[in-house]
Amino acid sequence: MKYCVETFDLTKNYGDFAAVDTLKMKIKNKSIFGFLGPNGAGKTTTIKMLTCLALPTSGTATVAGQDILKNPNEVRQKIGMIPQMVSLYGDLTVKENVHLCGDFYGVHEDLRDSRADELMEMVDIKYAENKPVSQLSGGMKQKASVVASLIHQPEILFLDEPTIGLDPTTKRILWDMVEELNSEGRSIILCSHDMYEVELLCDDVGIINRGLLAAFNTPQGLKDTMITERKNEKISRSSNITKIVEEMQKEASPEENASLNSVKDYVEKKNRDSMELSVMISNLDDNLLTQLENLPITYKITKQHSGRIVIDMEDSEESVTKIISGIIENNGNITSISTKDPSLEDVFVRVTAKKEEVSDDNGGN
Amino acid sequence: MIMVETKKIKWMFKKDLMVLWRHKPRLISLILFPIIMITLFGYGMGGTLTNIPVVVVSQSSGPVTDATLNAIKGTNIYDVVNIINDPNKGKQMVMNGQVKAAIILPPNYDDMQSQSPKNVIIDADSSDQMASSALVPTSQALFSQISNQIGIQKLQAMGLSSSAAQSSQVQVQSETQSQVLSSPTPAASGINFQSIVNSINFQINKLYGNISYIDFLVPGVLAMVVLFSCMFGMGESIAGERERGELARLFMTPTSITTIVGGKIISKLTIETGRAVILIVVAIALFGIVIAGSMLLTLLLLVLVALCFVGFGIMISARVSTQEDYMQMVQPITLPMMFMSGVFYPVETMPWIFQKIAYLLPLTYANDALRAVMLKGAGIGAIWLDVVVLLGFTALFFALGVRSFNRDV
């Protein structure tokens, strides 16, 4: 497996504060990698070190096969970056900015001009090539920044919050562009707080928290891990309470035992392996609701607006079928149905809420 | 490789000029700032005070009074607002702020027979230190002349006269005013009356001509304007670009800090040289400054001063992340430097501690060298030490600046 980025105990300290703490991470070549983390988690500092805009305190990394400490200029030649803050000269036109960048990357003049035209056509900004950047909209500025960052045909493209503040249409144009660049064989490293964007685009996701790599997997892998963790937590919680109740029953009277049995049943039911199903029924009425509540697999039903109900039920292979059959048998009309899996945002919140986490050498494989 | 780096430096220069050209307020400020500075300092601080409003209280009449009034009117430091005869009213006019002084001639002013002294009183508005400090010595000199001539007239009235006395009278008149008292009745008697009237002859030889305060001030102001332009300019050029993220774009490319700093220096230096030329032209056009030494050497010195302060700016901006931080760091350095390096007053007249500090400031050496060339007509041989010190400061600033230059964005 080839990696576009590999970090080896990468560390950056600001005084006593470790912004990035012995980070070990491997990012697959030619993939789109989503780098997530709350504000101040060390995400931007990591990107700065990987793009040779900050020196690590200790450790190192290879980017596009080059060591960031030993060969920073080779690294710079092989990467492009679209920073969070647009860093084109506002008083220069788009074309002048792109040409300036081309010359700073040492691109031959003829090649520079033809590439600039090609890239500007690609991101649909050619018509504004002679406008000063300061006069462009946010989306146009980002497009111009993309062109300037790609003029030297980098192997790896770093994008730091590329769609922040952009309208939905421009966001989609940029997402399409990212996918196109990736399909051309470029590795993309995307820092974002937009979970939808990350879920949509990224092959792998790394979550950094307090300078440590807290999670690394595919988006689905992270969600599956969360489902498993939740199940295990419930089982563990249930088992602990059951043990306590059973201990109490040893010394309890028959009347007390009966009460403790109902507590045990409640806890076991509450912590049983469950799943949530969201169903929309156009002709939902109280009778149908009661019929569904009486099904043995149903734990709880929450009624929402416009005929939508969320059913907390037993997590088994037949559960969904049994619910659907129950609705149809009672003449209910299903207009939509979906299981309620945790989102990437749920994963993010769960991972970053943990206070202590040990960085694993789990990168990219 | 060299070609590529040269191309980058050219781009930075070209970019700065393009930005300047398109950013019209910045361009206007760039040109106007030195003109405003030199005009303000030149007119505000460099000129001699003239036309100070005064009132004359004349309580007598006669040829001496008339001649005195004519002498006062003919002296350009005074602007005679009115001639009145009530001393109290004159004093009141001073206190009301209508005039800066009341010149009160006594009632017996025209009495040539009287042996008692004639007390001329000047009620001056001493709250205006500038005006009163200009009025007092001028008035003293004027009445001293008049007094001498009255003495001569008395001697003549006694039948004694000499060509020497007349000669003395003419000499005095050419110094101040020619219409004071003109009653030449030469009659040689063999007595040197000049020695009676003026017992001391005083001669001043101005080795570098008649240099006024503005002449003294202009070289210092030139160096100071270059200081401010470079220091503030580097704030925009490096700290400002760093803050806006523009410098990050350059740092992301395979370009060395030396190339980036070099590009900034060349760009800034070219612009500052242009401004130095404007400064000199404005100083010559507005204040009639005569550069006694070589114009080329003056210009080269200004370029060296610019280089030195560009280096200083780079050194300061190497570590700061915003333009505001840069300004906060630069202001406590530039303002004391302006006052302690002899721009306005000679370093030798300052308290000893300031003198010691002054010799640690590059602006002191810049002022010294520029004054030597512009006022004394000195050549490189006479200012080599200043030049060496300035070069040393420049090398130190660049070395520290490049060494501590922060690539962090």
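Protein chains get the first letters and strands the later ones, always in sequence-line order, with residue 1 at the start of each. Since the structure is predicted, the reported quantities are computational estimates derived from the model, not experimental observations.
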Examine whether an atom of [X] lies under 4.5 Å from a heavy atom of chain B, and if so say whether it belongs to the side chain, the backbone or both; otherwise answer neither.
X	result
A:Thr93	both
A:His152	neither
A:Glu96	both

Is [X] atom [atom1] crowded by more than 12 heavy atoms from other residues, nucleotides or ligands, each under 6.0 Å away?
X	atom1	result
A:Lys126	NZ	yes
A:Lys70	NZ	no
A:Glu179	CD	yes

Nearest heavy atoms of [X] and [Y], plus distance in Å:
X	Y	answer
B:His23	A:Asp91	CD2-OD2, 3.1 Å
A:Leu88	B:Arg249	CD2-NE, 3.7 Å
A:Leu92	B:Lys15	CD1-CG, 3.6 Å
B:Glu246	A:Gly90	OE2-N, 3.8 Å

Practice problem: Give the intermediate values and the outcome of side chain to side chain contact (heavy atoms under 4.5 Å, CB included) for residues A:Ser87 and B:Arg244. | Solution: CA-CA 7 Å; A:Ser87 55; B:Arg244 289 191 297 274; over 6 Å; no

Quiz item: If you count heavy-atom pairs under 4.5 Å with chain B, which of A:Pro72, A:Gly80, A:Ser149 comes out on top?
Solution: A:Ser149

Exercise. Taking atom types as modelled, find out whether A:Arg76 and B:Thr255 have a side-chain donor-acceptor pair closer than 3.5 angstrom.
Key: no

Quiz prompt | From B:Met252 atom CE to A:Tyr105 atom OH, the distance as rounded to the nearest 0.5 Å | solution = 5.0 Å

Quiz item: Atom CG in A:Leu100, atom CH2 in B:Trp11: separation rounded to 0.5 Å?
Solution: 5.0 Å

Quiz item: Can you check side chain to side chain contact (heavy atoms under 4.5 Å, CB included) on A:Tyr89 and B:Leu250, steps first, answer last?
Solution: CA-CA 11 Å; A:Tyr89 285 102; B:Leu250 305 184; 3.4 Å; yes

Practice problem: Would you mind checking which part of B:Lys7 comes under 4.5 Å of any heavy atom in chain A, side chain (CB onward), backbone (N, CA, C, O), both or neither? | Solution: side chain

